[in-house]
Amino acid sequence: MPRVTELRWSWVHWWEANRSLYLRPIGQGRPHQDLDQAGFLSLRSRAEKALIEVLSDPNEEPRSAAALSLGRMRASADSGAIEALIKLAQKDPSESVRSNALLAIGLIDDKDSGSFLFGYSPPSPWLRASALISTGLVREQTMPMRVGLHKVLDRDGPVMRNAAWWALTQHPGDGHARETMSLMATSGSPWLVSDSLLALGSNIDEAGELMLARIVSQGDEFQDLPLWRTLDEVKREKYGPVTVGQHRKWVRAHRRIFDLNPAPTPLGEQPEGYRGIRMVIGIEEIYRARLRASAATALTGATNREQAIDALRALITEQTNNYNTPAKCFAAISLGQIGSHKGLDDLLAVASDQDGRRIKRQEDLESPLRGFAIIGLGLYARPYMTEQGATNHPDHGRALKMLKDRLVDKREKLEVRAAAAVALGISGRTSNLKLMIGRYEAFDDTSPLLGGYVLLGRAILGDRNVIELARAALERKPHHDETTDLLARRAAILSMGVTGAGEAIPHLVWAWDQEAYYVNREVIVALSLCGAPGVAAHVLPLLADDTNQYERAFMADAIGRLFNQDDLPPLSVFLIGSNFMMKNGLTDPYRGLENVFLYGYLIPQFEEDWY
């Protein structure tokens, strides 16, 4: 039987999932441009009306994008958006459009949103799950809603339980940790258990922290959970001769555990290329490691308790095998976010290019763990708030020195140098600008990728001088491989948006007309960071005039992002702090709505190897 091993996840995956938390320089508020308030409200009203009209478009893509955009901008109660979206959710022939309409109803959170979502009579399991998930997007869950979600947990299958539990975790109440551990003690679904582990971190207490630490350490208590026993059982069953009949029996017994698509797709069908479950060795080990990664991520909420720190440190220093590297990567991020001085040496040891006085082995130098450790050091060096004001973690200067050393070392791996540039930005230390200014502006040091991420790091530190440099970089013709150039150009565009400066807007509008699809998507994000809803005045006519349905959908999506006033994009709730490695047919489509580059480009490069 063939063996599969874990994929190579890089720090870039983590950054794309969690970056919304770090795109505003420390101390900088939302950078609204000087707008006439009456003019802004008038333009917003025009945008709402235009999007509502697109809900009647004959093509599915514009209707779907317009529905979600009304949710992103949290359309006003008197615009008629809720009524139009309810009609769409009830009658549209496309399940994808209906699903986005349900999400928008939850995001707008009108007084009737919750009652409609819970009373919604869906024509398919996918839409029922969408309605449940949408109840997690409302600002406050009513007691009847919570009771109804708990009923789903008590009596439904893994898919609906997963949807209901996600909704409940967005509004944790009293007894949340107890409910979470009870769910883990009864569920055999890896997706539900993963979400349960992540939920513990959102409202962690001493018992929850102990449970997470034991899972990270693969302790005896966790090995007694039903899912862990199932993984052991599957591993044992896979060895030895297997007849066709035994194979069929195994597939029937474990489809709910290892199905490539654990939940209904938007069209209610199996994904393209689906061939059922292959009997291969290693999938159960992949799930073990990803569950440990979820627990490690949840421990970010720990407050320097010894058991959590010791468990994460033990995982970081655990001997590397074909499966545990991703879990170690997530542990590095959590150690940095917790800020324990005990974990600093472990992060420094991983990030360094040396073992003592000797250069590390090639396989250790190329490990993706080093990039995650670099980001962890940036998080460790970041000031944090206490009741007395901003303060620093002990010896944060050692973390900064390692980041600077990795950035300037031309012998270092490009992946690590680029991570160091972003980490120096994340650190929030403007003193880092002295090192970052001037040296990489020519974009000819190893790769434009490094130049792009250096500009981004500088912008996160509040340097507005990156705008002209980013424009110059974008005017150069691509000359590297597609992924490298794509990452570099997106980083340069994002750097302009992070400045929040009005002078970046014309350059971003220029880039919108010049660049490829995924870069254009980044232009919209950058414009939204600049607080530039006025750009929508040039976009609105295209909703009606453009004959290309995909262009109309793109413009509709842009309008929703431009008018969103939240500090964080509302749909980033599906990504921030998630375990994006855990393939989940239920929530992955929602994650892709916020970051289509991650779920439409980076992860799909794994193709059929992503289990």
Return the [atom1] to [atom2] distance between [X] and [Y], rounded to the nearest 0.5 Å.
| X | Y | atom1 | atom2 | result |
| --- | --- | --- | --- | --- |
| Q337 | Y384 | CD | OH | 14.5 Å |
| L200 | D195 | CG | CG | 11.5 Å |
| L68 | L107 | CG | CG | 7.0 Å |
| I215 | S294 | CD1 | OG | 9.5 Å |
| H393 | L344 | NE2 | CG | 10.5 Å |
| Q307 | L299 | CD | CG | 9.0 Å |

Is a side-chain donor or acceptor of [X] paired with a backbone partner of [Y] at a separation under 3.5 angstrom?
| X | Y | answer |
| --- | --- | --- |
| Q141 | A167 | yes |
| S578 | L575 | yes |
| H396 | P383 | no |
| R292 | S217 | no |
| R288 | Y323 | no |
| N432 | G425 | no |
| K404 | L424 | no |
| N579 | R290 | yes |
| N595 | L598 | yes |
| S352 | A349 | no |

Problem - Heavy-atom check, side chain of M184 versus side chain of L197, under 4.5 Å - result: yes
Problem - Pair L400-L377, side-chain contact (heavy atoms from CB on, under 4.5 Å): steps then yes or no - result: CA-CA 7 Å; L400 289 173; L377 289 171; over 6 Å; no
Return the orientation label for the [X] and [Y] ring planes: parallel under 30°, perpendicular over 60°, tilted otherwise.
| X | Y | result |
| --- | --- | --- |
| Y22 | W14 | tilted |
| Y590 | W126 | parallel |
| F597 | Y601 | parallel |

Handout entry: T300-S334 side chain donor-acceptor pair, cut-off 3.5 Å
Key = yes
Handout entry: Full working for side-chain contact (heavy atoms from CB on, under 4.5 Å) between V138 and M145
Key = CA-CA 11 Å; V138 300; M145 290 169 62; 3.8 Å; yes
Practice task
Take L347 and R398, measure what side-chain contact (heavy atoms from CB on, under 4.5 Å) needs, and give me the verdict at the end.
Solution key: CA-CA 11 Å; L347 292 175; R398 293 175 61 202; over 6 Å; no
Problem - Passing option when H13 is tested against W610, F606, Y599 for ring-ring contact (aromatic ring centres under 6.0 Å, His included) - result: F606
Handout entry: Ring centre gap for F372 and W9 strictly below 6.0 Å
Key = no
State whether [X] and [Y] are salt-bridged, where the test is any N-O pair (Lys NZ or Arg NE/NH1/NH2 against Asp/Glu carboxylate O) under 4.0 Å.
| X | Y | result |
| --- | --- | --- |
| D566 | R72 | no |
| E412 | R406 | yes |
| D310 | K342 | yes |
| D355 | R358 | no |
| K413 | D353 | no |

Practice task
Report the C-alpha distance between F118 and L132 in whole Å, list the side-chain angles of each, state the deciding distance to 0.1 Å, and finish with yes or no for side-chain contact (heavy atoms from CB on, under 4.5 Å).
Solution key: CA-CA 7 Å; F118 221 83; L132 292 173; 4.3 Å; yes
Problem - Residues, nucleotides or ligands: over 12 heavy atoms within 6.0 Å of Q605 CD - result: yes
Identify each donor-acceptor pair in which a side-chain atom of residues 147-155 lies under 3.5 Å from a protein atom, sequence neighbours left out, and give them as a table.
none

Practice task
Take E16 and R19 through the salt bridge (Lys or Arg N to Asp or Glu O under 4.0 Å) test and state the conclusion after the steps.
Solution key: CA-CA 6 Å; E16 291 291 337; R19 65 182 190 170; 3.7 Å; yes
